[in-house]
**Student:** 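Dropping a structure here in structure tokens format, bear with me for questions.
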Amino acid sequence: MAAFNLTPSDPSTFILMGIPGLETAHIWISIPFSIFYIISLVGNFMLLSVVRKEQTLHKPMYLLLCMLALTDIATPTFVLPKALGIFWFNLKGITLAGCLTQMFFLHMVSVMHSATLVTMAFDRYVAICNPLRYATILSNAQIAKLGLVCLLRAVLFILPLPLLLSQQPFCANRIIPHTQCDYSAVYRMACGDITITRIYSLMLMAVVFGSDLTLIALSYGLIIRAILRISSNNAHQKALNTCTTHICVMLTYYTPGLFSNLTYLFGQRIAPHVHIILADLYLLIPPMLNPIIYGVRTKELRDKVSKYTCCRT
């Protein structure tokens, strides 16, 4: 209980409450959370290991999968260890610097993840709509450059949020009813004028995710049009299967996020602990499902994974 008894007047300390209203169930809630996290780590590290070892998988599509796997490893890792510390040991204290750092990396990785999905949609567009120029347009070197651009974009877009909040005075009540330092939870602690910060965050959400979803929709609109023009049934089915896999991954990322945000904005009658659990599951479920989806639906990757798992058994 020592971590909980931190003085709220301490200007460098916040208190994360975990899931208010379900304190007695924290231990039980930690069990599925831990299982999801372990499955996510095993699946994504296995994907990275197989792609690294297999020269035949050193292709743009699989390099993009590795980028996605890295974001899927990072996303829950920035949140779950602290959440488990709250659930298991009641370690609720977190410094202002630690809180803003967690917030930065959490949202930065989210923007990076979204940009990776856009790049994957573009990869499929070029592969299906312009296959003869695929190797020229999207070489491994080009993928590395695009990955760097995605990373810089995420850092530059998200960095102003913690910088703006760090200049704010925070109220005496520094209790955050959450398991993580999410932006929407932290800015409510500020006692100063946060108009600029809120405007920037809304513009950021509209520009980043609005543009990303628009580009993804445009890419797949052109892809579907190209698929419908393919006369060969085998080629038609192969292209459709590839796109279906990517669409499943995108739905597992954007749908829970959209649902979580909508319930947060318009679900005032929904209990607070439901909002918190949804926000946590949004960070745990997609990273767990992505390597499973690609492992099941991508034959080349499935065969390579089977090669290593069968050898070990």
**Student:** Between Gln168 and Asp193, does a side-chain hydrogen bond (donor to acceptor under 3.5 Å, both in side chains) hold up when you go through it step by step?
**Tutor:** CA-CA 8 Å; Gln168 292 290 330; Asp193 185 2; over 6 Å; no
**Student:** With side chains defined as the heavy atoms from C-beta onward, is the minimum distance between Pro162 and Thr101 less than 4.5 Å?
**Tutor:**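 Side-chain contact under 4.5 Å: no.
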**Student:** Find out if a path of hydrophobic residues (ILVMFWY) with successive side-chain heavy-atom gaps under 4.5 Å connects Met203 to Ile194.
**Tutor:**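 No; Ile194 is not reachable from Met203 via cluster members.
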**Student:** What verdict does the side-chain contact (heavy atoms from CB on, under 4.5 Å) test give for Lys304 and Leu57, after you've listed the backbone C-alpha separation in whole Å, the side-chain angles of each residue and the deciding distance to 0.1 Å?
**Tutor:** CA-CA 9 Å; Lys304 300 300 182 184; Leu57 297 182; 3.9 Å; yes
**Student:** Tell me, with the steps shown, if Lys59 and Glu54 meet salt bridge (charged side-chain N to carboxylate O under 4.0 Å, His left out).
**Tutor:** CA-CA 10 Å; Lys59 304 174 184 177; Glu54 288 292 331; over 6 Å; no
**Student:** Please report the closest heavy-atom contact between Pro76 and Leu283, naming both atoms and the distance.
**Tutor:**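 Where Pro76 meets Leu283 most closely, the heavy atoms are CB-O, 3.8 Å.
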**Student:** Would you say Asp123's side chain and Leu138's backbone share a donor-acceptor pair under 3.5 angstrom?
**Tutor:**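 Judged by distance alone, no pair lies under 3.5 Å.
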**Student:** Counting distance only, does the side-chain N/O of Asn140 pair as donor-acceptor with the main-chain N or O of His58 below 3.5 Å?
**Tutor:**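 Pair found, side chain donor or acceptor close to backbone of His58.
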**Student:** Can you list the residues that meet the side chain to side chain contact (heavy atoms under 4.5 Å, CB included) rule with Ile31, with sequence neighbours excluded?
**Tutor:**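 Scan of Ile31 (side chain to side chain contact (heavy atoms under 4.5 Å, CB included), adjacent residues dropped) gives Trp28, Ile35.
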**Student:** Between Val149 and Leu151, is there a shared hydrophobic cluster once you connect ILVMFWY residues whose side-chain heavy atoms come closer than 4.5 Å?
**Tutor:**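 Looking at the clustering, Leu151 is in a separate group from Val149.
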**Student:** Indicate yes or no for a side-chain donor-acceptor contact from Ser211 to the backbone of Val207 under 3.5 Å, with no hydrogens or angles considered.
**Tutor:**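 At least one qualifying donor-acceptor pair exists.
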**Student:** Working to the nearest 0.5 angstrom, can you tell me the gap between Leu159 CG and Leu164 CG?
**Tutor:**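 Going from CG on Leu159 over to CG on Leu164, the span is 9.5 Å.
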**Student:** Under the criterion side-chain contact (heavy atoms from CB on, under 4.5 Å), I'd like the reasoning laid out for Thr252 against Met250: C-alpha separation, chi angles, the key distance, then a yes or no.
**Tutor:** CA-CA 5 Å; Thr252 62; Met250 290 174 192; over 6 Å; no
**Student:** For Phe78, is there any backbone N or O sitting under 3.5 Å from a side-chain donor or acceptor partner on Gln102?
**Tutor:**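 Side chain of Gln102 to backbone of Phe78, a donor-acceptor pair under 3.5 Å: yes, one is there.
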**Student:** According to the interplanar angle, ranging from 0 to 90°, do the rings of Phe33 and Phe87 count as parallel (below 30°), tilted (30 to 60°) or perpendicular (above 60°)?
**Tutor:**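 Tilted.
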**Student:** Is it the case that one hydrophobic cluster holds both Phe45 and Val109, taking links as side-chain heavy atoms less than 4.5 Å apart, direct or via other members?
**Tutor:**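 Hydrophobic grouping puts Phe45 with Val109.
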**Student:** Determine whether the aromatic ring centres of Tyr187 and Tyr183 lie less than 6.0 Å apart.
**Tutor:**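 Yes; Tyr183 has its ring centre under 6.0 Å from that of Tyr187.
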**Student:** With heavy-atom distances below 4.5 Å as the criterion, would you say the side chains of Met67 and Met112 are in contact?
**Tutor:**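 Contact flag for Met67/Met112 side chains = yes.
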**Student:** How close do Ile276 and Thr179 get, counting heavy atoms only, and between which atoms?
**Tutor:**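 Looking at all heavy atoms of both residues, the shortest contact is CG2-CG2, 4.1 Å.
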**Student:** Could you go step by step and tell me if Val186 and Leu165 meet the side-chain contact (heavy atoms from CB on, under 4.5 Å) rule?
**Tutor:** CA-CA 8 Å; Val186 175; Leu165 283 174; 4.0 Å; yes
**Student:** Within the 4.5 Å heavy-atom criterion, are Pro32 and Phe36 side-chain neighbours or not?
**Tutor:**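 Pro32 vs Phe36: side chains touch.
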**Student:** Hey, are Asp212 and Arg153 close enough for a salt bridge, meaning a charged N less than 4.0 Å from a carboxylate O?
**Tutor:**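 A salt bridge links Asp212 with Arg153.
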**Student:** Nearest 0.5 angstrom please: Ser201 OG to His107 NE2, how far?
**Tutor:**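 Between Ser201 OG and His107 NE2, I get 9.5 Å after rounding to 0.5 Å.
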**Student:** Would the number of heavy atoms belonging to other residues, nucleotides or ligands and lying under 6.0 Å from CD1 of Ile137 be above 12?
**Tutor:**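 Yes, enclosed.
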**Student:** Quick check: do Met103 and Leu161 have side-chain heavy atoms less than 4.5 Å from each other?
**Tutor:**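 Answer yes - side chains close enough.
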**Student:** Where do Pro177 and Met17 come nearest, in terms of heavy atoms and distance?
**Tutor:**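 Residues Pro177 and Met17, closest heavy atoms: CA-CB, 4.1 Å.
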**Student:** Is the distance from the ring center of Tyr125 to that of Tyr220 below 6.0 Å?
**Tutor:**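 Between Tyr220 and Tyr125, which both carry aromatic rings, the centre distance is not below 6.0 Å.
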**Student:** Looking at Ile19, is its backbone amide N or carbonyl O close enough to the side chain of His26 to form a donor-acceptor pair, meaning the two atoms are under 3.5 Å apart?
**Tutor:**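 Pair found, side chain donor or acceptor close to backbone of Ile19.
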**Student:** Could you tell me whether a side-chain N or O of Ser306 sits under 3.5 Å from a main-chain N or O of Arg302, the two making a donor and an acceptor?
**Tutor:**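 Yes, Ser306 side chain to Arg302 backbone: donor-acceptor pair under 3.5 Å.
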**Student:** Report yes or no: does Thr75 contribute a side-chain atom to a donor-acceptor pair with the main-chain N or O of Asp72 at less than 3.5 Å?
**Tutor:**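 Checking the backbone N and O of Asp72 against the side chain of Thr75, no donor-acceptor pair under 3.5 Å is found.
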**Student:** Can you tell me how far apart CG (Leu251) and OG1 (Thr244) are? Round to the nearest 0.5 Å.
**Tutor:**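 Rounded to the nearest 0.5 Å, the CG-OG1 separation comes to 10.5 Å.
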**Student:** Determine the minimum heavy-atom distance between Leu222 and Cys129, stating which atoms define it.
**Tutor:**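 Residues Leu222 and Cys129, closest heavy atoms: O-SG, 3.7 Å.
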**Student:** Can you give me the closest heavy-atom contact between Cys243 and Ile223, atom names plus distance?
**Tutor:**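 Minimum heavy-atom separation between Cys243 and Ile223: SG-CG2, 3.2 Å.
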**Student:** Do Leu65 and Val51 pass the side-chain contact (heavy atoms from CB on, under 4.5 Å) test, and can you show the C-alpha distance, the side-chain angles, and the key distance before you say yes or no?
**Tutor:** CA-CA 9 Å; Leu65 280 182; Val51 173; 5.8 Å; no
**Student:** When rounded to the nearest 0.5 angstrom, what is the spacing between CD1 in Ile29 and NE2 in His273?
**Tutor:**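 The distance works out to 8.5 Å.
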**Student:** Rounded to the nearest 0.5 Å, how far apart are CZ of Phe122 and CG of Leu218?
**Tutor:**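 Nearest 0.5 Å value for the CZ-CG distance: 11.0 Å.
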**Student:** So, Thr298 side chain and Leu301 main chain: donor-acceptor pair closer than 3.5 Å or not?
**Tutor:**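 No, because the side chain of Thr298 does not come within donor-acceptor range (under 3.5 Å) of the backbone of Leu301.
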**Student:** Nearest 0.5 angstrom please: Leu16 CG to Ile86 CD1, how far?
**Tutor:**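 CD1 of Ile86 is found 4.5 Å from CG of Leu16.
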**Student:** Checking side-chain polar atoms at under 3.5 Å, does Tyr253 have a donor or acceptor matched by the opposite partner on Ser110?
**Tutor:**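 There is such a pair between these side chains.
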**Student:** Within the distance-only criterion (no hydrogens, no angle test), does the side chain of Thr119 pair as donor or acceptor with the backbone N or O of Ala115 below 3.5 angstrom?
**Tutor:**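 Here the side-chain-to-backbone pair exists.
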**Student:** Minimum heavy-atom separation for Pro287 to Pro291, with atom names?
**Tutor:**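 Scanning both residues, the minimum pair turns out to be O-CD, 3.2 Å.
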**Student:** With a 4.5 Å limit on heavy-atom distance, are the side chains of Val155 and Phe104 in contact?
**Tutor:**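 Yes, close enough: below the 4.5 Å cut-off.
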**Student:** According to a 4.5 Å side-chain heavy-atom criterion applied to Ile, Leu, Val, Met, Phe, Trp and Tyr, with indirect links allowed, do Leu163 and Tyr200 form part of one hydrophobic cluster?
**Tutor:**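 Yes, one cluster joins them.
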**Student:** Got a sec, which residues hit disulfide bond (SG atoms under 2.5 Å apart) with Cys248, two or more places apart in sequence or on another chain?
**Tutor:**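 Once residues adjacent in sequence are excluded, Cys248 has no partner under the disulfide bond (SG atoms under 2.5 Å apart) criterion.
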**Student:** Going by heavy atoms in the side chains, are Arg174 and Ile15 under 4.5 Å from each other?
**Tutor:**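 A side-chain contact is absent here, since even the closest heavy-atom pair is not under 4.5 Å.
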**Student:** Just do the side-chain hydrogen bond (donor to acceptor under 3.5 Å, both in side chains) check on Thr56 and Tyr62 with the steps written out, would you?
**Tutor:** CA-CA 10 Å; Thr56 57; Tyr62 294 103; over 6 Å; no
**Student:** Testing Val111, Leu213, Ile158 for side chain to side chain contact (heavy atoms under 4.5 Å, CB included) with Val208, which one passes?
**Tutor:**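 With Val208 as partner, Val111, Leu213, Ile158 yield a single side chain to side chain contact (heavy atoms under 4.5 Å, CB included), made by Val111.
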**Student:** Does atom CZ (Arg198) have a neighbourhood of more than 12 heavy atoms from anything else shown, all under 6.0 Å?
**Tutor:**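 Check fails, neighbour count at 12 or below.
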**Student:** When you measure from the side chain of Arg124 to the backbone N and O of Met120, does any donor-acceptor pair fall under 3.5 Å?
**Tutor:**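 Checked: no pair found.
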**Student:** Is there a side-chain contact between Ser34 and Trp88 in this structure, where contact means two heavy atoms from C-beta onward sitting under 4.5 Å apart?
**Tutor:**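 Of all side-chain heavy-atom pairs linking Trp88 with Ser34, at least one is under 4.5 Å.
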**Student:** Under a 4.5 Å cut-off applied to non-hydrogen side-chain atoms, are Val126 and Arg133 in contact?
**Tutor:**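 A side-chain contact is absent here, since even the closest heavy-atom pair is not under 4.5 Å.
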**Student:** Please answer: with hydrophobic residues joined when any side-chain heavy atoms are less than 4.5 Å apart, are Met108 and Leu148 in the same cluster?
**Tutor:**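 Different clusters.
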**Student:** Please assess Thr77 against Tyr37 for the test side-chain hydrogen bond (donor to acceptor under 3.5 Å, both in side chains), listing each intermediate value before the final yes or no.
**Tutor:** CA-CA 8 Å; Thr77 300; Tyr37 183 50; 2.9 Å; yes
**Student:** Once you measure the plane-to-plane angle for His246 and Tyr294, does it fall in the parallel (<30°), tilted (30-60°) or perpendicular (>60°) bin?
**Tutor:**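 Ring orientation of His246 relative to Tyr294: perpendicular.
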